[in-house]
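Quick note on labels: first sequence line is chain A, next is B, and so on, each numbered from 1.
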Protein chains: 2
Amino acid sequence: MTENSRTRLVESTRELLWDRGYSATSPRAILDAAGVGQGSMYHHFHGKEDLARAAMQRNAEEMRIQVDADLAGPGTAVDKITGYLHRERDVLRGCRFGKLAQDAEVEASAALHTLVSEMFSWLQMRLTEVIEQGQIDGELSAEVNATSVAAMIAATLQGGYVLARAAQDTAAFDLAIEGALELLRAIATPR
Amino acid sequence: MTENSRTRLVESTRELLWDRGYSATSPRAILDAAGVGQGSMYHHFHGKEDLARAAMQRNAEEMRIQVDADLAGPGTAVDKITGYLHRERDVLRGCRFGKLAQDAEVEASAALHTLVSEMFSWLQMRLTEVIEQGQIDGELSAEVNATSVAAMIAATLQGGYVLARAAQDTAAFDLAIEGALELLRAIATPR
DNA sequence: GTCTATAAAGTGATAGAC
DNA sequence: GTCTATCACTTTATAGAC
């Protein structure tokens, strides 16, 4: 049972980080959610920042597995990106990393910010690879810059979360994704 | 001089809201930045929320004027949207409204959330109008859904801010914008 | 109209009992 | 390894002097 409190702390932190971000998440709220005392947290972790780091590392592991599952599957580049963008998401809750990227206290913490930064640069690299392969295969126009299209896709996803949250309606997210895919198909050669 | 303290409070709040969001901005920080005492704030406003509302209303006025200036100018639909997307921005500071859309305390306040929500629905409406006019003029393909392309453009902008902030580098923002414009031009008929 | 003093509650962290 | 008690500090807000 030695690892049970630790795990519960990390899982509670992951949920609270997702809903309220880092700055607005108090150790007290984490302890209440995990159902453990304060001493337990300071035994397993150095403090709030250290606990958040552990939670974000778990998020990164899961995210990489999910993205790889979407992008490494069979089909064309458009199929892969469509699969990635259409994956079921908790849209109104937002992106676990996107929310933290905007958090001033995360930005002020090198340890925390690095995790966010690396996640997004890895994602854009993976998307770029898929688009470049599509160009090599003659599926996508070689005229476009693969890096910028990859950035546009990652941005549409992140911005879709923002628009949906502003409208309190997932429709805005779905529309943005649809728009990106419509335009992506416009640079695909009919086969 | 009766309005001087009030104005200074609103302006300081606008800056702090932009940098730290709503939850993380304390009345104390606002007072320090404005250089006025606490009684002054509670004389002019009911409290933190009321002051934030006044600051966000000012932001909304400015935003509408700027967007109208970009989109109501001369040129084609692609020209207008290119002008809007290429407007000089303080990218690493992010979007005044996008940041607040993600703030849990803003979402919990009907008065504050409404301002964010109305801003984004108005923006998407204006972008949709421009794209629809481009389709009527035969400049843009009638095949695409104007509403979804408008959502994609708004999302690319918001997401571009997120990516740039994550990378601490405006290049990610510029790439995303470039990608969106490349694809937009792909549905424009050469003239 | 603006100030300072103060309050009650919450913050992140430490101490020490068990 | 986990608990509760406590700390110094900050939060949003009110009271009352000037």
Side-chain angles (χ1 to χ4, degrees), chain A residues 1-56 99-100 103-113 115, chain B residues 1-56 99-100 103-113 115:
Chain A
M1 224 60 114
T2 166
E3 283 300 278
N4 207 343
S5 274
R6 190 183 210 285
T7 304
R8 288 228 299 284
L9 282 165
V10 171
E11 288 305 311
S12 298
T13 303
R14 297 216 301 148
E15 294 302 299
L16 287 165
L17 245 35
W18 197 5
D19 284 331
R20 325 226 276 239
Y22 179 71
S23 310
T25 295
S26 66
R28 188 63 216 276
I30 295 169
L31 297 173
D32 287 350
V36 302
Q38 207 153 8
S40 212
M41 168 179 149
Y42 283 100
H43 172 74
H44 290 293
F45 303 96
H46 298 141
K48 178 186 173 180
E49 183 184 9
D50 189 39
L51 176 48
R53 199 185 38 69
M56 286 168 67
K99 186 162 292 180
L100 296 175
D103 192 305
E105 282 185 33
V106 169
E107 212 171 24
S109 157
L112 263 29
H113 183 84
L115 288 172
Chain B
M1 225 59 116
T2 165
E3 282 299 277
N4 208 343
S5 273
R6 189 184 212 283
T7 303
R8 287 228 299 285
L9 283 165
V10 171
E11 288 307 311
S12 298
T13 304
R14 296 216 302 149
E15 293 303 297
L16 287 164
L17 245 34
W18 196 6
D19 284 331
R20 326 226 277 240
Y22 180 71
S23 311
T25 295
S26 67
R28 187 64 216 277
I30 295 169
L31 298 173
D32 287 351
V36 302
Q38 208 153 8
S40 214
M41 168 179 149
Y42 284 100
H43 172 76
H44 290 293
F45 303 95
H46 298 141
K48 178 185 172 180
E49 184 185 6
D50 189 39
L51 176 49
R53 198 183 39 69
M56 288 168 66
K99 184 161 292 178
L100 296 175
D103 192 305
E105 281 184 34
V106 169
E107 212 171 24
S109 157
L112 263 30
H113 183 83
L115 288 172

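When atom types are taken as modelled, the side chain of Lys99(B) and the backbone of Trp18(B) share a donor-acceptor pair closer than 3.5 angstrom. Listed for the Asp103(B) side chain is a donor-acceptor partner under 3.5 Å among the backbone atoms of Tyr22(B).
Atom CZ of Arg20(A) and atom C1' of dT11(C) are 13 Å apart (whole Å). The distance from atom CG of Leu9(A) to atom P of dT2(D) is 9 Å, rounded to the nearest whole Å. At whole-Å resolution of the value, CD in Glu49(B) and P in dT11(D) are 18 Å apart. Rounded to whole angstrom, the span from the CG atom of Leu31(A) across to the P atom of dG10(C) amounts to 15 Å. Rounded to whole Å, atom C1' of dT10(D) lies 12 Å from atom NZ of Lys48(B). Atom-to-atom, NE2 of His44(B) to P of dA13(D) comes out at 17 Å; the value is rounded to the nearest Å. Note: CG (Asp32(B)) to C1' (dC3(C)) measures 14 Å, nearest angstrom. Rounding to whole angstrom units, CZ of residue Phe45(B) and P of dT2(C) are separated by 11 Å.
Sequence neighbours left out, the pairs with a member in residues 30-40 of chain B that pass salt bridge (charged side-chain N to carboxylate O under 4.0 Å, His left out) are Arg28(B)-Asp32(B).
Note on Ser26(B): every side-chain N or O is 4.0 Å or more away from OP1 and OP2 of dT10(D). Here His46(A) does not reach the OP1 or OP2 of dA13(C): none of its side-chain N or O atoms lies under 4.0 Å away.
Using a 4.0 Å cut-off on heavy atoms, the residues of residues 33-43 of chain A that approach DNA chain D are Val36(A), Gly37(A), Gln38(A), Gly39(A), Ser40(A), His43(A), listed by number.
Considering only heavy atoms from C-beta on, Leu100(B) stays 4.5 Å or farther from Leu112(B) through its side chain. Taking 4.5 Å as the limit, every side-chain heavy atom of Arg6(B) sits out of range of all side-chain heavy atoms of Leu9(B).
For Ala29(A) against Arg20(A), the heavy-atom pair with the smallest separation is CB-NH2, 3.4 Å.
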